[in-house]
Amino acid sequence: MKIAKVRLKQLPHRKIKDTQKLYHFICPIDDVEIGDYVLVELKQKKVSSFGVGRVDELEILTLQEMTQLEPRPDQLVFSKINVDNFEKRCDTALLIRRKVMTLYTEYDKKKAKRRANCNFAK
C-alpha cells in the first residue's frame with residue numbers, strides 16, 4: 001500500500017517549513033508524486049475535516065510494515081491538487097482578500113460619515 005508522508009499547510013500566509021512534522025496518509029491515488037499538494041482527511045479527537053499538505057516522501061509498505069508505524073495511518077489522501085504553483089495561488093488569494101477588506105473598510109467609513117451627517121441635520 002502506498003503511504004504519503006505529508007507536511008500540512010497551517011495557514012494560507014505561512015510557508016511549509018522542512019522542520020514541520022511529517023504525517024502519514026494512505027494514498028490510493030496513483031499519480032501523486034513528491035512535491036505535489038494534496039487534499040487530506042484530518043481527524044482530531046471528535047472532529048473530522050480536510051486539510052492541504054505537500055507530499056515530501058512516498059513509500060510502498062506491506063500491511064505488516066504499516067502496523068509498525070506510530071501512529072498507524074488511517075487517514076486518506078483524497079485528491080491531488082492540480083495547480084502548478086500552489087504557494088503562488090495562496091499569495092494571490094491573500095491579495096484579493098486584502099483588497100476586499102480595504103473596500104469593506106472604506107464602505108463602513110462612508111456609511112458612518114453619512115450617519116453622522118444625518119444626526120447633525122436633526
Side-chain angles (χ1 to χ4, degrees):
M1 199 171 291
K2 184 163 43 170
I3 301 296
K5 294 182 181 179
V6 175
R7 294 186 200 279
L8 297 176
K9 184 144 178 77
Q10 303 295 329
L11 296 168
H13 64 276
R14 286 195 186 155
K15 305 291 184 208
I16 295 175
K17 297 178 184 175
D18 291 334
T19 55
Q20 283 179 237
K21 183 177 178 182
L22 280 171
Y23 294 92
H24 298 84
F25 294 90
I26 299 168
C27 185
I29 303 166
D30 292 332
D31 66 339
V32 170
E33 299 174 3
I34 293 174
D36 287 344
Y37 283 84
V38 290
L39 181 68
V40 295
E41 172 187 25
L42 298 177
K43 292 181 185 174
Q44 298 170 345
K45 296 183 182 177
K46 296 180 181 180
V47 178
S48 293
S49 61
F50 290 105
V52 172
R54 183 185 68 214
V55 177
D56 280 2
E57 297 176 32
L58 288 169
E59 290 183 336
I60 305 295
L61 300 178
T62 64
L63 183 59
Q64 186 177 5
E65 291 170 326
M66 286 175 54
T67 60
Q68 303 303 316
L69 294 174
E70 268 309 314
R72 292 179 180 168
D74 64 344
Q75 300 168 34
L76 296 171
V77 171
F78 272 83
S79 71
K80 177 179 172 179
I81 298 175
N82 292 319
V83 174
D84 292 334
N85 190 337
F86 186 75
E87 292 292 338
K88 186 177 179 184
R89 173 76 58 97
C90 288
D91 292 341
T92 302
L94 288 171
L95 287 173
I96 292 168
R97 180 171 47 181
R98 284 187 193 123
K99 288 178 183 177
V100 169
M101 295 308 291
T102 301
L103 291 172
Y104 288 158
T105 303
E106 290 172 7
Y107 175 80
D108 290 342
K109 285 179 183 177
K110 288 178 184 176
K111 191 174 178 181
K113 190 174 182 180
R114 277 189 246 135
R115 283 187 188 155
N117 287 340
C118 289
N119 290 339
F120 285 127
K122 293 180 179 178

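Scope of the values below: all heavy atoms of this structure, side chains included, with no hydrogens, waters or symmetry mates.
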Visitor: Side chain to side chain contact (heavy atoms under 4.5 Å, CB included), that's the test. Do L103 and K99 meet it? Break it down for me.
Guide: CA-CA 6 Å; L103 291 172; K99 288 178 183 177; 5.5 Å; no
Visitor: Report yes or no: does K2 contribute a side-chain atom to a donor-acceptor pair with the main-chain N or O of P28 at less than 3.5 Å?
Guide: no
Visitor: With sequence neighbours excluded, what pairs up with K43 under the salt bridge (Lys or Arg N to Asp or Glu O under 4.0 Å) test?
Guide: E41
Visitor: Drop me the distance from L69's CG to D74's CG, to the nearest 0.5 angstrom.
Guide: 11.5 Å
Visitor: Can you see which heavy atom on L42 is nearest to which on Q75, and at what distance?
Guide: CA-OE1, 3.5 Å
Visitor: Hey, what do you get for SG (C90) to NZ (K15), rounding to the nearest 0.5 Å?
Guide: 7.5 Å
Visitor: Run the side-chain hydrogen bond (donor to acceptor under 3.5 Å, both in side chains) test against Q10 and tell me which residues pass, sequence neighbours left out.
Guide: none
Visitor: Output the distance between atom CD (Q68) and atom CD (E65), rounded to the nearest 0.5 Å.
Guide: 8.5 Å
Visitor: Side chains of I3 and I26: closer than 4.5 Å at any heavy-atom pair?
Guide: yes
Visitor: Does any non-hydrogen side-chain atom of V38 lie less than 4.5 Å from one of F86?
Guide: no
Visitor: Restricting to non-hydrogen atoms, name the atom on L58 and the atom on E33 that form the minimum distance, rounded to 0.1 Å.
Guide: CD1-CA, 3.9 Å
Visitor: Just list the side-chain donor-acceptor pairs under 3.5 Å for residues 46-56, sequence neighbours left out, or say none.
Guide:
residue: R54; atom: NE; partner: D56; partner atom: OD1; Å: 2.8
residue: R54; atom: NH2; partner: D56; partner atom: OD1; Å: 3.4
residue: R54; atom: NH2; partner: D56; partner atom: OD2; Å: 3.3
residue: D56; atom: OD2; partner: R7; partner atom: NE; Å: 2.4

Visitor: Are more than 12 heavy atoms, taken from residues, nucleotides or ligands other than K110, located less than 6.0 Å from that residue's NZ atom?
Guide: no
Visitor: Look up atom CG in L11 and atom CG in L94, then write down how far apart they are to the nearest 0.5 Å.
Guide: 9.5 Å
Visitor: Is any side-chain heavy atom of E87 closer than 4.5 Å to a side-chain heavy atom of K9?
Guide: yes
Visitor: Please answer: with hydrophobic residues joined when any side-chain heavy atoms are less than 4.5 Å apart, are L22 and F25 in the same cluster?
Guide: no
Visitor: Is there side-chain contact between L61 and M1, with at least one heavy-atom pair below 4.5 Å?
Guide: no
Visitor: Is the closest side-chain heavy-atom distance between K17 and Q20 below 4.5 Å?
Guide: yes
Visitor: Going hydrophobic residue to hydrophobic residue with side-chain gaps under 4.5 angstrom, can you get from V32 over to Y37?
Guide: no
Visitor: If every non-hydrogen atom of C27 is compared with every non-hydrogen atom of A4, which pair is closest and at what distance?
Guide: CB-CB, 4.0 Å
Visitor: Can you see which heavy atom on L8 is nearest to which on V40, and at what distance?
Guide: CD2-CG2, 3.8 Å
